[in-house]
Amino acid sequence: MLRGRDAPPLALCLLGGPFAAGDRPLVELLCAKAAVGLDNLRLYERLNQAQIATVHALGKLAEYKDEVTGDHVKRLGRWATAIARELQVRNIFAHELDDWFCDTIGLASVLHDVGKVGIPDAILRKPGRLDEAEMTVMREHAAIGGSILRDACGGDRHGYLSMGAEIAESHHEKFDGSGYPKGLAGDAIPLAGRIVAVADVFDALLHRRPYKKAWDIAEVLDLLRAEAGSHFDPRVVDAFLTVLERDGAGT
């Protein structure tokens, strides 16, 4: 019998034989170890599901603060995953871009603007451009989001929340070092942040916001190309353009 802590027992049936008298204790030991392994697997699955539920809850919280968040984060997640897969095929960032990264970034990107929960509604929903003082407050959302998620992940450096923290605090950094909140440049910016930066700007410009009209896709693509190497990692932009062309969204 394989007796787990919180699941119906299973049975291991050995066919064939003959079996020696000393085989039974060994089989019982095998079953005991296997039961522990199954319990650990179920525990891992529960922890993973708990993280996924937490991500969705935090994403929904941000959505209540920012009316454009809902559909935007869904599209952003799809673009971020597609970019990561394309970069993986190109083997450009082989030391950090593995299957786990590609499987995680789409959901983790949902958390990119969770720090907006700390921004006053008068600024967040202002129907026009922000002045310098308001922009200073708005920019705090990157650090706020990173802080919230790092506290939530409890030191786990290999999960949705930890990658979400990286994305939240780095997707407004710029490749030339002129971004915020830390002024990181080049490869010092986490790869997940560099990927989400491209996908975020692309989707945000394509859709209407309270302070701007929607751009034409040709205008958006021109901006991505023009700011590759300054705002964006040019390798990420090139991969994204390939994704758009392959999926029929580019011109």
If every non-hydrogen atom of Leu184 is compared with every non-hydrogen atom of Ala188, which pair is closest and at what distance?
CD1-O, 3.7 Å
Backbone N/O of Gly183 and side chain of Glu173: donor-acceptor pair under 3.5 Å:
yes
Please find the pair of heavy atoms, one from Gly145 and one from Val114, that lie closest to each other, and give the distance.
CA-CG1, 3.8 Å
Point-to-point distance, once rounded to the nearest 0.5 Å, from NZ of Lys174 to OG of Ser230
7.5 Å
Side chain to side chain contact (heavy atoms under 4.5 Å, CB included) with Leu14: which residues, sequence neighbours excluded?
Leu12, Phe19, Val27
Say whether Met135 and Ile144 are linked into one hydrophobic cluster, either directly or through other cluster members, by side-chain heavy-atom distances under 4.5 angstrom.
yes
Closest non-hydrogen atom pair between Val137 and Pro120, with its separation:
CG1-CD, 4.0 Å
How far apart are the C-alpha atoms of Arg150 and Glu166, what are their side-chain angles, what is the distance that settles it, and do they pass the side-chain contact (heavy atoms from CB on, under 4.5 Å) test?
CA-CA 9 Å; Arg150 292 199 186 285; Glu166 279 194 346; 4.0 Å; yes
Quick one: are Met163 and Leu107 in side-chain contact, heavy atoms under 4.5 Å?
no
Between Leu223 and Phe232, is a side-chain contact (heavy atoms from CB on, under 4.5 Å) present by the stated rule, with each step listed?
CA-CA 10 Å; Leu223 180 137; Phe232 308 114; 4.2 Å; yes
Does a side-chain heavy-atom distance below 4.5 Å link Ile52 with Gln49?
yes
Going from CG on Leu76 to CD1 on Ile105, what distance comes out if it is rounded to the nearest 0.5 angstrom?
8.5 Å
If you measure from NE2 on His207 to NZ on Lys213, what distance do you get to the nearest 0.5 Å?
14.0 Å
Decide yes or no for Leu97 and Cys102: does some side-chain heavy atom of the first lie under 4.5 Å from some side-chain heavy atom of the second?
yes
Sub-4.5 Å side-chain heavy-atom contact between Glu45 and Leu41
yes
In residues 189-203, what donor-acceptor pairs under 3.5 Å come from side-chain atoms, sequence neighbours left out?
residue: Arg194; atom: NE; partner: Ile189; partner atom: O; Å: 2.8
residue: Arg194; atom: NH1; partner: Asp187; partner atom: OD1; Å: 3.1
residue: Arg194; atom: NH1; partner: Asp233; partner atom: OD2; Å: 2.8
residue: Arg194; atom: NH2; partner: Ile189; partner atom: O; Å: 3.1
residue: Asp200; atom: OD1; partner: His72; partner atom: NE2; Å: 2.7
residue: Asp203; atom: OD1; partner: Arg75; partner atom: NE; Å: 2.6
residue: Asp203; atom: OD2; partner: His72; partner atom: ND1; Å: 2.6
residue: Asp203; atom: OD2; partner: Arg75; partner atom: NE; Å: 3.2
residue: Asp203; atom: OD2; partner: Arg75; partner atom: NH2; Å: 3.0

How would you list, by chain and number, every residue that makes a side chain to side chain contact (heavy atoms under 4.5 Å, CB included) with Asp131, sequence neighbours excluded?
Ala133, Glu134
Roughly how far, to the nearest 0.5 Å, is the CD1 atom of Ile83 from the CG atom of Leu244?
7.5 Å
Under 3.5 Å donor-acceptor, Glu219 side chain and Asp216 backbone
yes
Do NZ/NE/NH1/NH2 and the carboxylate oxygens of Asp103 and Arg85 come within less than 4.0 Å?
yes
Any non-hydrogen side-chain atom of Leu111 less than 4.5 Å from a side-chain atom of Ile167?
no
I'd like to check Val237 versus Leu241 (side-chain heavy atoms, cut-off strictly below 4.5 Å). Are they in contact?
yes
Locate the shortest heavy-atom distance separating Trp100 from Gly159; write the atom from each residue and the value.
CZ2-N, 3.6 Å
Partner residues of Arg90 under the side chain to side chain contact (heavy atoms under 4.5 Å, CB included) criterion, sequence neighbours left out:
Glu86, Ile92, Asp238, Ala239, Thr242
Is any side-chain heavy atom of His56 closer than 4.5 Å to a side-chain heavy atom of Val110?
no
Give a yes or no on whether Val89 and Val236 share a hydrophobic cluster (residues Ile, Leu, Val, Met, Phe, Trp, Tyr; joining criterion: side-chain heavy atoms under 4.5 Å apart).
no
Taking ring pair (Phe, Tyr, Trp, His ring centres under 6.0 Å) as the test, write out the residues that go with Tyr180, two or more places apart.
His172
Would Phe175 and Glu227 count as a side-chain contact (heavy atoms from CB on, under 4.5 Å) here? Give the steps.
CA-CA 9 Å; Phe175 202 66; Glu227 298 200 5; over 6 Å; no
When rounded to the nearest 0.5 angstrom, what is the spacing between CG in Leu124 and CG in Asp113?
9.0 Å
Could you pull out every donor-acceptor pair under 3.5 Å between side chains of residues 33-40 and any protein atom, sequence neighbours left out?
residue: Asp39; atom: OD1; partner: Arg5; partner atom: N; Å: 3.3
residue: Asp39; atom: OD1; partner: Arg42; partner atom: NH2; Å: 2.9
residue: Asp39; atom: OD2; partner: Arg5; partner atom: N; Å: 3.1
residue: Asn40; atom: ND2; partner: Val36; partner atom: O; Å: 3.4

Any chance you could measure Ser147, atom OG, to Glu140, atom CD, to the nearest 0.5 Å?
12.0 Å
